[in-house]
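Taking it in order: structure first as structure tokens, then the write-up.
Heads up: numbering here begins at 1 and tracks the sequence.
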Amino acid sequence: MTSKAPAASSAIIWFRQDLRLADNPALNAAAESGAPVIALFILDEEVMQLGGASRWWLHHSLNVLAKSLGKKGLPLILRKGRAEEVLPAVADEVRAGAVYWNRCYDPRSVFRDKKLKEALRGKGLEVESFNASLLAEPWTLRTKAGEPFKVFTPFWKALQQVDIQAPLKAPARLEEGPKVKSDKLEAWKLLPSKPDWAGGLRETWTPGEVGARERLAHFLDNRLRDYAAKRDLPAVEATSGLSPHLHWGEIGPRQIWSAVESTFRSDATQTKAGSAFLRELAWRDFSHNLLFNWPTLETENWKDEFDGFPWAENKKGYKAWTKGRTGYPIVDAGMRELWQTGYMHNRVRMIAASFLIKDLLIHWKEGAAWFWDTLVDADAANNAASWQWVAGSGADASPYFRIFNPVLQGEKFDPEGDYVRRWVPELEKLDAAYIHKPWAAPEKVLKEAGVKLGTTYPTPIVDHAAARERALAAYRQMKKQ
């Protein structure tokens, strides 16, 4: 139960990674406080540390949020700086009696928010925070021994026993607080200009709460039924594409959970697909559980035995990987999709990550840094947990000796080469038998397809069989230490 702020004061809703009006408990609390409301977003770059693609997304998402709030008669106040300084200053300006926000779970935010709560409460303000971004918060699920979960399957079983709350409706009414000076969104220069590399992002995405709802509805109507069977096929549009909307909180997991459950309650044939999708949604919670309970997950090996792994210095290989010029079509297709759209199919993410770590012996942190800058769904918990999963250094990780063969993976999940043809157009006319291993094609086949290895498309930068043996030898060397 939220106590009411003094009648003469204002209530601040501090937007963070919850850029929506529906199912926003902090916004509801501000509306229900009985006080005039100040809607505030702070660009705290010291804590947020945004990559390029995330900056592009944030600009457009804030623009949508401002319009939505404007329809309720409420302006969105923008301020840039350290939240520890900006938020108390705004509270003084508007004579705030209460501040509400929804929790973030990365270590930088947790550290900052604890200090802010203490400081604001010390000034006599009511300060309340809420859960708007997870199905279950990291401290609520524990093993029988009372410890945080380290393995996903028992975590998933425990999560299914949680009573997931129904999503909240957006407040019907918001009373505007006193006029407050706001930064201009354009002045933050979140969008790329010289050069403007965001054309593919604009063609692919519609940031904001409305775009999130539309994408969910499209998924439920057109893709959910085949999700379990087709989600690993990158040439097929079978996944939801909701991850960037979830990261910025344009839609919440409770909203998705409720909508999916409603769908397969009304159509029993979709139960299997719905369960498979909700399991993937739970992986997101699990990643946040790991980062919250092990705050060094972004920067240190979860398994410290990997501290002695003999990583290689391979700048040339790293550059070829980032540019999608490795000579392995499925890897190159994924990296080019990423550069063009700010996104990569999840199966291909695993293949591309395995190639960097195991074929090139490049540290997982270098791959994580590239993804952080280029993914529109870049998320501290998902990024760290997923890269360490592939590396074998993380919790519930794939064993290091599980090394994806990029040719076999391509042939299994992109059998006709449609995904490769889309993103690696220089191979578009190559026969499906050779699309994932063009170096094996007879010269006549290459010529008919207009492919000249080493000129129009690179030869492999590493021999996978030899690289696999090198990676296993490095792993054995680490285990001996």
Residue that, paired with F277, satisfies ring pair (Phe, Tyr, Trp, His ring centres under 6.0 Å) out of W283, W257, Y227:
Y227

Counting N and O atoms only, with roles assigned by atom type, does the side chain of D418 sit under 3.5 Å from a partner on the main chain of A235, one being a donor and the other an acceptor?
no

Does the side chain of F404 come within less than 4.5 Å of V331's, by heavy atoms?
no

Mind checking the CG-CG spacing from L58 to L191? Nearest 0.5 Å is all I need.
9.5 Å

Residue pair L246 / I256, side-chain heavy-atom distance below 4.5 Å:
yes

State, to 0.1 Å, how close W156 and A282 come at their nearest heavy-atom pair, and which atoms those are.
CE3-CB, 3.3 Å

Near-ring test W101/W14, centroid separation under 6.0 angstrom:
yes

Which heavy atom in L427 sits nearest to a heavy atom in P329, and how many Å separate them?
CD1-CG, 3.7 Å

Pi-cation contact, Y343 with R349 (under 6.0 Å, within 45°):
yes

Taking A238's backbone N and O only, do any of them form a donor-acceptor pair with R223's side chain (distance below 3.5 Å, no angle check)?
no

Please report the closest heavy-atom contact between I403 and R468, naming both atoms and the distance.
CD1-CG, 3.8 Å

Determine whether E147 and N293 make a side-chain contact, defined as any pair of heavy atoms from C-beta on separated by less than 4.5 Å.
no

So among F286, W139, F149, which one has a ring pair (Phe, Tyr, Trp, His ring centres under 6.0 Å) with F292?
W139

Separation between NZ of K303 and CD of E305, rounded to the nearest 0.5 Å:
6.5 Å

Parallel, tilted or perpendicular, as decided by the 30° and 60° cut-offs, for the rings of F306 and F309
parallel

Kindly indicate, with the supporting measurements, whether the criterion side-chain contact (heavy atoms from CB on, under 4.5 Å) is fulfilled by F152 and R279.
CA-CA 10 Å; F152 174 72; R279 181 183 172 91; 3.5 Å; yes

Answer yes or no: is there a donor N or O on one side and an acceptor on the other, between the side chain of S258 and the main chain of Q255, under 3.5 Å?
no

Return all side-chain donor-acceptor pairs below 3.5 angstrom for residues 195-208, not counting sequence neighbours, or 'none' if the list is empty.
from, atom 1, to, atom 2, distance (Å)
D196, OD1, A198, N, 3.1
D196, OD1, R202, NH1, 3.3
D196, OD2, R202, NH1, 3.2
D196, OD2, R202, NH2, 3.1
T204, OG1, G200, O, 2.6
W205, NE1, T341, O, 2.8

Student check: side-chain heavy atoms of K429 and E448 closer than 4.5 Å:
no

With no hydrogens and no angle check, do the side chains of R347 and Q409 hold a donor and an acceptor under 3.5 Å apart?
yes

Donor-acceptor check, side chain of W389 to backbone of D396, threshold 3.5 angstrom: yes or no?
yes

Do other residues, nucleotides or ligands put more than 12 heavy atoms under 6.0 Å from the CD atom of E416?
no

Could you tell me which non-hydrogen atom of L281 sits nearest to which non-hydrogen atom of P253, and how far apart they are?
CD2-O, 3.9 Å

Over 12 foreign heavy atoms within 6.0 Å of CD, Q165:
no

Please lay out, stage by stage, how Y419 and V348 fare under the test side-chain contact (heavy atoms from CB on, under 4.5 Å).
CA-CA 10 Å; Y419 178 73; V348 188; 3.8 Å; yes

Within a reach of under 6.0 Å around NZ of K230, are more than 12 heavy atoms found that belong to other residues, nucleotides or ligands?
no

Please check this pair: side chain of Q477 against backbone of P310, looking for a donor-acceptor N/O pair closer than 3.5 Å.
no

Could you check if a side-chain atom of W439 sits within less than 4.5 angstrom of a side-chain atom of T459, using non-hydrogen atoms only?
no

Which value, rounded to the nearest 0.5 Å, describes the distance between N301 atom CG and T296 atom OG1?
9.5 Å

Charged N-O contact under 4.0 Å between E337 and R422:
no

Step by step, work out the salt bridge (Lys or Arg N to Asp or Glu O under 4.0 Å) result for R112 and E84.
CA-CA 7 Å; R112 176 198 62 191; E84 292 159 278; over 6 Å; no

What I'd like to find out is whether the side chain of F41 reaches to under 4.5 Å of the side chain of L65, using heavy atoms alone.
no

Quick check against the 3.5 Å criterion: does N131 have a side-chain atom that pairs as donor or acceptor with the backbone of L134?
yes

Is it the case that D332 and Y457 place a side-chain donor and acceptor less than 3.5 Å from each other?
yes

Rounded to the nearest 0.5 Å, what separation is found between the CH2 atom of W364 and the OG atom of S386?
11.0 Å

Can you find a pair of side-chain heavy atoms, one from S133 and one from R284, that are under 4.5 Å apart?
yes

Once rounded to the nearest 0.5 Å, what's the spacing between atom CG of L356 and atom OH of Y318?
7.5 Å

What closest approach, in Å, do Y434 and V445 show between heavy atoms, and which atom pair accounts for it?
CD1-CG1, 4.0 Å

Donor-acceptor pair, side chain of D359 and main chain of V462, under 3.5 angstrom:
no

At what distance, to the nearest 0.5 angstrom, does NE2 of H436 lie from CG of L430?
10.0 Å

How would you list, by chain and number, every residue that makes a side-chain hydrogen bond (donor to acceptor under 3.5 Å, both in side chains) with D113, sequence neighbours excluded?
R16

Test your reading of the model: is there a side-chain donor-acceptor pair from K358 to the backbone of R402, 3.5 Å cut-off?
yes

Is there a side-chain contact between D285 and H288 in this structure, where contact means two heavy atoms from C-beta onward sitting under 4.5 Å apart?
no

Is D414 reaching over with its side chain to a backbone N or O of I330, donor-acceptor style, under 3.5 angstrom?
no

Which heavy-atom pair separates A320 from I461 by the least distance, and what is that distance?
CB-CD1, 4.0 Å

Which atom pairs, one a donor and one an acceptor, fall under 3.5 Å between side chains of residues 49-57 and the rest of the protein, sequence neighbours left out?
from, atom 1, to, atom 2, distance (Å)
Q49, NE2, E46, O, 3.2
R55, NH1, E45, OE2, 2.8
R55, NH2, K189, O, 3.4
W56, NE1, H60, NE2, 3.3
W57, NE1, E250, OE2, 2.8

Go through the steps to decide whether L185 and N63 satisfy the test side-chain contact (heavy atoms from CB on, under 4.5 Å), and finish with yes or no.
CA-CA 8 Å; L185 181 57; N63 198 34; 4.1 Å; yes

Lys/Arg N to Asp/Glu carboxylate O, R254 vs D23, below 4.0 Å
yes

side-chain contact (heavy atoms from CB on, under 4.5 Å) between R336 and R325: does it pass, once the steps are laid out?
CA-CA 9 Å; R336 295 186 198 186; R325 301 283 296 171; 3.8 Å; yes

So, does D106 use its side chain to make a donor-acceptor pair with the main chain of S109 at under 3.5 Å?
yes

